[in-house]
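Here the structure comes first, spelled out in structure tokens, and everything after it is commentary.
Keep in mind that what you see is a predicted model, and the values were worked out from it rather than measured. Only heavy atoms go into these numbers, but all of them, side chains included; no hydrogens, no water, no symmetry mates.
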Amino acid sequence: MKTIKAHNKKFELFIEASEISRMVDNIAEKLNHDLKGEEVIFLGILDGTFIFAADLIRKIEFDCQVTFVKMSSYKGTLTTGSVETLIGIGTGLEGKTIVIIEDIVDTGLTLERILKLVRDQKPAKILTVALLFKPDACIRDIRIDYLGREIPNEFVIGYGLDCDGFGRNLADIYKITGA
Ligand code: 5GP
């Protein structure tokens with residue numbers, strides 16, 4: 001098993017880039033099918049989603065807008081339980097189809113907070129996309145409309161996901177070994 005060190009912690013290979021690519025293709029195919037003809041704004045949640053959003057959006061075949069919001073709930077490998085908005089949502093979402101792009105849904109607090117902020121802007125429809133979901137960690141009743149895959153409640157890095165800023169550049173996704 002391939003292992004790496006990032007920010008002094010040991011991680012092992014978990015999801016290879018080829019599988020991630022299939023997950024992204026699968027989500028894009030569904031979005032292209034379901035949302036054609038709608039006025040769509042993709043709303044990526046920074047920082048973790050920057051690679052996933054970039055890959056996904058380049059596979060979208062209809063005219064769309066893209067924007068980002070920056071939230072933070074993680075410090076190192078632990079969630080802080082409170083979600084801060086660091087760069088807010090602009091205006092102009094009214095009457096549009098908003099597709100929120102999240103890298104990973106853990107407790108669900110970030111997505112819950114974003115959903116509230118987006119709802120306040122009175123869009124016509126809100127949809128959620130997540131590459132990864134940890135059902136055993138989720139404490140909110142969150143609907144993910146387009147999901148890559150579920151994972152166990154373990155800390156992962158790579159493909160945009162970080163450990164204190166490190167590991168975002170890894171093409172594959174790695175999980176912490178605890179060793
Ligand atoms: P939630 O608010 O659902 O608990 O967490 C959402 C955010 O926490 C994600 O957007 C991501 O930035 C971060 N996060 C949650 N789980 C992980 C994980 O396993 N690894 C990393 N690197 N970040 C995570």
Side-chain angles (χ1 to χ4, degrees), residues 2 13-71 89-90 92-119 121-138 140-162 167-175:
K2 184 176 170 193
L13 184 59
F14 180 41
I15 308 174
E16 285 190 36
S18 56
E19 187 186 338
I20 299 171
S21 178
R22 279 195 295 277
M23 282 151 55
V24 175
D25 285 352
N26 192 27
I27 294 172
E29 196 180 307
K30 289 184 183 140
L31 290 167
N32 282 325
H33 174 267
D34 295 352
L35 303 183
K36 208 173 177 175
E38 296 190 26
E39 276 191 278
V40 178
I41 302 180
F42 287 96
L43 181 70
I45 306 178
L46 293 173
D47 295 330
T49 204
F50 78 106
I51 292 180
F52 173 43
D55 282 351
L56 183 67
I57 282 156
R58 280 177 296 171
K59 300 224 152 77
I60 296 303
E61 290 160 359
F62 51 82
D63 204 19
C64 61
Q65 288 174 284
V66 182
T67 187
F68 290 90
V69 59
K70 186 168 162 102
M71 313 289 284
I89 297 172
L93 309 191
E94 195 174 335
K96 307 275 172 64
T97 296
I98 310 304
V99 182
I100 299 169
I101 307 176
E102 174 69 303
D103 46 3
I104 181 166
V105 177
D106 184 328
T107 61
L109 291 169
T110 305
L111 202 48
E112 180 183 64
R113 174 108 185 86
I114 301 265
L115 281 163
K116 191 190 166 324
L117 293 171
V118 172
R119 253 182 234 123
Q121 299 263 335
K122 305 199 173 13
K125 195 198 279 185
I126 309 174
L127 295 165
T128 53
V129 173
L131 183 69
L132 303 173
F133 174 48
K134 297 181 191 171
D136 296 337
C138 196
R140 290 291 190 265
D141 189 15
I142 293 287
R143 194 191 71 222
I144 302 171
D145 299 295
Y146 301 89
L147 176 66
R149 61 169 276 191
E150 293 186 353
I151 62 165
N153 190 7
E154 286 169 307
F155 188 77
V156 294
I157 60 165
Y159 195 66
L161 290 158
D162 75 313
R168 294 194 197 277
N169 54 308
L170 299 163
D172 307 296
I173 293 175
Y174 292 77
K175 68 178 178 185

Closest approach of Pro123 and Val118, non-hydrogen atoms and distance? CD-O, 3.2 Å
When rounded to the nearest 0.5 angstrom, what distance separates OG1 in Thr97 from CD in Gln65? 11.5 Å
Using a 4.5 Å cut-off on heavy atoms from C-beta on, say whether the side chain of Thr107 contacts that of Arg140. no
Less than 4.5 Å apart, any side-chain heavy atom of Lys96 and any of Ile98? yes
Trace of the side chain to side chain contact (heavy atoms under 4.5 Å, CB included) decision for Leu161 with Leu131: CA-CA 11 Å; Leu161 290 158; Leu131 183 69; 5.9 Å; no
Is a donor on one side and an acceptor on the other found under 3.5 Å between the side chain of Arg113 and the backbone of Leu109? no
Heavy atoms only: give me the nearest Ala171-Ile20 pair and the separation to one decimal. O-CD1, 3.6 Å
Looking at Leu127, Val99, Val66, which hits side-chain contact (heavy atoms from CB on, under 4.5 Å) with Val40? Val99
How close do Phe50 and Arg168 get, counting heavy atoms only, and between which atoms? CE2-CD, 3.7 Å
Lys59, NZ atom: more than 12 neighbouring heavy atoms under 6.0 Å: yes
Side chains of Phe42 and Leu31: closer than 4.5 Å at any heavy-atom pair? yes
Considering only heavy atoms from C-beta outward, does the side chain of Leu111 approach that of Phe133 to under 4.5 Å? no
Student check: side-chain heavy atoms of Val105 and Thr128 closer than 4.5 Å: no
Nearest 0.5 Å, what's the CZ-CD distance between Arg22 and Glu16? 9.0 Å
Going by heavy atoms in the side chains, are Leu35 and Ile60 under 4.5 Å from each other? no
Donor-acceptor contacts under 3.5 Å from residues 147-158 side chains, at least two apart:
| residue | atom | partner | partner atom | Å |
| --- | --- | --- | --- | --- |
| Arg149 | NH1 | Glu19 | OE2 | 3.2 |

Distance check, rounded to the nearest 0.5 Å: Ile100 atom CD1 versus Thr110 atom OG1? 11.0 Å
Of all residues at least two apart in sequence or in a different chain, which pass the salt bridge (charged side-chain N to carboxylate O under 4.0 Å, His left out) check with Asp172? none
Pairwise side-chain contact, Tyr159 with Ile15, heavy-atom cut-off 4.5 Å (strictly under): no
Between Ile142 and Leu115, is any pair of side-chain heavy atoms under 4.5 Å apart? yes
Can you give me the closest heavy-atom contact between Phe52 and Val129, atom names plus distance? CZ-CG1, 3.7 Å
Mind checking the CG-CG spacing from Asp106 to Asp136? Nearest 0.5 Å is all I need. 10.5 Å
Would you name the heavy atoms of Gly95 and Ala124 that are closest together and state the gap between them? O-CB, 3.3 Å
Nearest 0.5 Å, what's the CD-OG1 distance between Glu102 and Thr49? 6.5 Å
As an exercise, state the distance from CD1 of Ile51 to CG of Asp103, rounded to the nearest 0.5 Å. 10.5 Å
Using a strict cut-off of less than 4.0 Å between a Lys/Arg side-chain nitrogen and an Asp/Glu carboxylate oxygen, indicate whether Arg143 and Asp145 qualify as a salt bridge. yes
Work out which heavy atom in Ile126 is nearest to a heavy atom in Arg119; give both atom names and the distance. CD1-CG, 3.7 Å
